[in-house]
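Written below as structure tokens is the structure these notes are about.
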Amino acid sequence: MIKITLPDNSVREFDAAVTGMEVAESISPRLAKDVLSVSVDGVVWDLTRKIEHDAKIKLYTWDDREGKDTFWHSSAHLMAEAIESFFPGTKFGIGPTVDTGFYYDIDLPEGKTISDKDLVNIEKKMLELARQKNDIVRSEISKNDAMAMFTQKNDELKQELISELEDGTITLYNQGNFTDLCRGPHLPNTGYIKAIKLMSIAGAYWRGDEHNRMLTRIYGVTFPKQKMLDEYLVMLEEAKKRDHRKVGKEMQLFTFSENVGQGLPLWLPKGAQLREQLETFLKKVQKKYGYEQVITPHIGDVKLYKTSGHFQKYGKDSFQPITTPAEGEEYLLKPMNCPHHCEIYKAWPRSYKDLPVRMAEFGTVYRYEMSGELHGLTRVRGFTQDDAHLFCRPDQVKDEFKKVIDIIFIIFKALSFENYTAQISLRDPEKPEKYIGSPENWDKAERAIIEACEEKGLNTVTELGEAAFYGPKLDFMIKDALGRSWQLGTVQVDYNLPERFELEYIGSDDKRHRPVMIHRAPFGSMERFVAVLIEHTAGKFPLWLTPEQAVVLPISEKYNDYAKKVSEVLNISDIRTVVDDRNEKIGRKIRDNELKRIPYLLIVGEKEAEEETVSVRRQGEGDKGTMKVNEFAEFIANEVREQLSGLYN
RNA sequence: GCCGGAGUAGCUCAGGGGUAGAGCGCAUCCUUGGUAAGGAUGAGGUCACGAGUUCAAUUCUCGUCUUCGGCUCCA
């Protein structure tokens with residue numbers, strides 16, 4: 001007698017060992033059709049594997065992450081089988097699932113390469129193999145036998161993987177003519193896979209280490225229904241339309257020039273306007289929180305960065321120092337603002353009563369990024385951080401940290417960023433050589449972050465090894481239109497730089513003490529933030545932020561003068577307004593300006609000119625009726641006020 | 001930096017060993033209009049750059065640069 005407990009705590013009894021599939025069948029035919037895998041006492045299993053003892057189980061379908069994982073994992077095997085049929089002798093690395101599908105890292109036989117054209121053929125072969133509904137069969141194998149098997153196949157990648165496994169835990173999965181080393185679980189047979197799209201070919205270092213050889217990685221995605229694949233592809237097309245590189249070009253926000261250099265963005269007038277709005281907004285928030293603006297130069301003596309440790313850490317792989325012709329002094333394009341700010345802290349003696357000192361700067365920094373890394377505005381070589389450094393007493397760290405989190409949330413609220421991940425980035429305990437400073441200070445800094453997040457009730461994930469070399473971080477990550485995750489806001493607790501720069505304050509005991517630094521940038525960089533903002537809004541920025549808030553559209557050239565007058569009046573009231581006085585019909589002007597994503601279109605003709613009114617049209621919504629010009633000015637000012645109400649006043 | 005694509009007008013793209021095309025945009029003119037594309041005419045390209053093969057290269061080969069998708073990296 002086997003007792004199976006389901007998630008609702010109901011218990012089903014079976015006479016003998018039973019499979020997950022049999023349990024599903026006993027519940028409903030529909031479930032038996034949809035189920036993809038099963039967890040048995042918390043471990044995900046194949047549906048066809050016998051459960052021989054009492055167990056708690058949960059059945060997974062496509063709607064569960066575990067179900068999709070099983071589906072895609074089997075799809076990776078199916079792809080491997082198809083690849084092996086075209087390229088016998090291919091060596092297989094690893095073939096895991098990712099958020100949107102799966103990949104397999106392979107090493108093609110000597111002299112063979114794979115191209116996009118091959119992908120189509122591999123897809124066809126996969127479909128053919130899927131239609132055969134070959135059973136996917138699990139078997140256990142001893143370490144020696146497994147090693148012998150893959151030695152015979154000359155697959156040293158798998159041999160390396162096997163060598164790290166424990167005997168007695170090694171399993172193989174077979175389908176048709178293909179057998180792979182795999183922990184599983186897998187679908188019962190290949191017939192579940194109905195729709196297949198191989199997305200791209202990429203290079204990937206074996207085991208993610210750039211010192212290893214590069215394998216060929218093939219990304220793919222599969223679905224249980226063709227319709228789901230079609231919808232997914234449409235969704236990808238839609239996402240591409242939001243790509244900040246495309247929208248930024250269309251809206252004339254920024255550009256790049258080969259003559260200026262790669263990764264060096266040029267902000268066009270409208271993009272600069274957008275940035276200015278963001279900066280003004282943050283400055284107002286920061287003023288409320290007691291920050292003071294400072295300004296520092298774009299270069300600094302190399303010794304500044306030797307003191308901070310940045311030069312030792314990054315100097316070789318960075319823009320090289322600028323030298324003075326006569327004296328041979330070395331200056332570095334600043335990659336960080338903190339050393340400059342430390343020097344400002346040291347400009348005069350500080351008392352414990354002065355702390356915390358909150359020093360803010362929109363500081364432009366330059367970092368050498370490898371050419372293959374550059375990506376639109378999200379990864380560039382010259383960018384502006386909304387940087388600030390808080391110098392505080394040890395007893396103030398947690399409170400200051402929490403206030404920074406508040407500022408970040410004000411920004412996220414102002415821009416309706418709801419889907420973020422808060423990540424606590426700690427040191428890698430196995431690689432102490434990557435970090436500077438004492439373990440005691442690291443412990444204190446990490447504890448401060450963890451406690452501050454707990455006290456704020458923040459939902460966080462913790463990543464080891466993601467800390468900066470001088471201190472742990474709290475990072476806020478946001479996804480772009482295509483689901484790639486980018487780090488925006490960051491807060492870091494640092495006990496190290498104050499020591500290196502010998503920062504001090506005089507305590508109430510009349511003795512010298514060391515302050516603690518908090519580095520923080522809520523936007524992160526203006527460039528990356530604007531990029532993600534563009535993708536979030538598809539370029540339809542909130543009214544308070546958008547570079548052009550209203551456009552006046554004269555019905556004919558006869559009303560151009562009136563249109564200009566309206567625009568002047570609105571601009572005096574700080575409403576960013578332009579005029580479209582092209583020799584075009586009104587329908588055309590409406591269409592063009594709707595597509596330019598300007599929130600308000602103001603149509604003016606004979607009637608409006610006589611009555612000193614505008615006919616208001618809201619982007620995407622249509623005609624809103626007629627208003628006096630000053631009424632409209634008040635109306636739009638109100639809308640802006642509402643959007644920002646309570647955020648900084 | 002590494003693996004694999006791509007680079008033709010301001011933009012989106014077609015073409016192809018005999019020195020180039022479309023749509024949109026732009027300019028000029030006609031039209032002077034009432035809520036998502038009015039009409040005519042015209043200007044714009046060393047086909048990314050540099051070598052090589054060829055009678056002839058934008059097209060083929062190689063290199064460089066830039067860019068795209070990944071990998072690695074990211075103070």
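For the numbers below, each heavy atom of this structure counts, side chains included, while hydrogens, waters and symmetry mates do not. Below, read A as the first sequence line, B as the second, and so on, with proteins coming before strands; counting in each chain starts at 1.
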Quiz item: Can you check whether R367(A) has a side-chain N or O nearer than 4.0 Å to OP1 or OP2 of C73(B)?
Solution: no
Exercise. Return the value, rounded to whole Å, for the distance between atom CG of D105(A) and atom P of G4(B).
Key: 15 Å
Practice problem: For the residue pair R618(A) and Y600(A), confirm or rule out a side-chain donor-acceptor distance under 3.5 Å. | Solution: yes
Practice problem: Return the 5'-most residue of the pair Y366(A), L215(A) with respect to RNA chain B, ranking by each residue's nearest nucleotide. | Solution: L215(A)
Self-check item: Pair M517(A)-H519(A), side-chain contact (heavy atoms from CB on, under 4.5 Å): steps then yes or no
Solution: CA-CA 6 Å; M517(A) 269 174 89; H519(A) 310 240; 3.9 Å; yes
Quiz item: Does G69(B) have OP1 or OP2 sitting under 4.0 Å from an N or O in the side chain of H375(A)?
Solution: yes
Quiz item: Under 4.0 Å between a side-chain N or O of R245(A) and OP1 or OP2 of C68(B)?
Solution: yes
Quiz prompt | Under-4.0 Å side-chain N/O to phosphate OP1/OP2 contact, Y205(A) with G1(B) | solution = no
Quiz item: Going by atom types only, do Y232(A) and E237(A) share a side-chain donor-acceptor pair under 3.5 Å?
Solution: no
Quiz item: Taking the six-membered ring of Y435(A), is the NZ or CZ of R427(A) close enough (under 6.0 Å from the centre) and on axis enough (within 45°)?
Solution: no
Quiz item: Any N or O donor-acceptor pair linking the side chain of Y368(A) to the base of G1(B) at under 3.5 Å?
Solution: no
Quiz item: For the base of C71(B), is there a side-chain donor-acceptor partner from E373(A) under 3.5 Å away?
Solution: yes
Quiz prompt | Dot-bracket pairing map - RNA chain B, Watson-Crick plus G-U, both contacts under 3.5 Å, | cross-strand | solution = (((((((..((((....[..)))).(((((.......))))).....(((((..]....))))))))))))....
Exercise. Write down the distance separating the C1' atoms in C55(B) and U19(B), rounded off to the nearest Å.
Key: 15 Å
Practice problem: Please answer whether A75(B) and Y314(A) are stacked, defined here as ring centres separated by less than 5.5 Å and planes angled under 30°. | Solution: yes
Exercise. For nucleotides U59(B) and C49(B), find the distance between their P atoms and express it as a whole number of Å.
Key: 10 Å
Restricting to nitrogen or oxygen on both sides, can you table the protein-nucleotides 29-34 of chain B pairs closer than 3.5 Å?
residue: C30(B); atom: N4; partner: N583(A); partner atom: ND2; Å: 3.1
residue: U31(B); atom: N3; partner: N583(A); partner atom: OD1; Å: 3.3
residue: U31(B); atom: N3; partner: N583(A); partner atom: ND2; Å: 3.2
residue: U31(B); atom: O4; partner: N583(A); partner atom: ND2; Å: 2.3
residue: U32(B); atom: O2; partner: S556(A); partner atom: OG; Å: 3.3
residue: U32(B); atom: O2; partner: E557(A); partner atom: N; Å: 3.0
residue: U32(B); atom: N3; partner: E557(A); partner atom: OE1; Å: 3.3
residue: U32(B); atom: O4; partner: E557(A); partner atom: OE1; Å: 2.8
residue: G33(B); atom: N7; partner: I555(A); partner atom: O; Å: 2.7
residue: G33(B); atom: O6; partner: N583(A); partner atom: OD1; Å: 3.3
residue: G34(B); atom: O6; partner: E606(A); partner atom: N; Å: 3.0
residue: G34(B); atom: O6; partner: K607(A); partner atom: N; Å: 3.3
residue: G34(B); atom: N1; partner: E608(A); partner atom: OE1; Å: 2.8
residue: G34(B); atom: N1; partner: E608(A); partner atom: OE2; Å: 3.3
residue: G34(B); atom: N2; partner: E608(A); partner atom: OE1; Å: 3.4
residue: G34(B); atom: N2; partner: E608(A); partner atom: OE2; Å: 2.4

Quiz item: When only distance counts, do a donor and an acceptor, one from the side chain of R217(A) and one from the base of C3(B), lie under 3.5 Å apart?
Solution: no
Quiz item: Between Q262(A) and C65(B), does any side-chain N or O lie under 4.0 Å from OP1 or OP2?
Solution: no
Quiz prompt | Distance, C1' atom - from G5(B) to A9(B), rounded to whole angstrom | solution = 24 Å
Quiz item: Does R213(A) get its side chain close enough to the base of C2(B), under 3.5 Å, for a donor-acceptor pair?
Solution: no
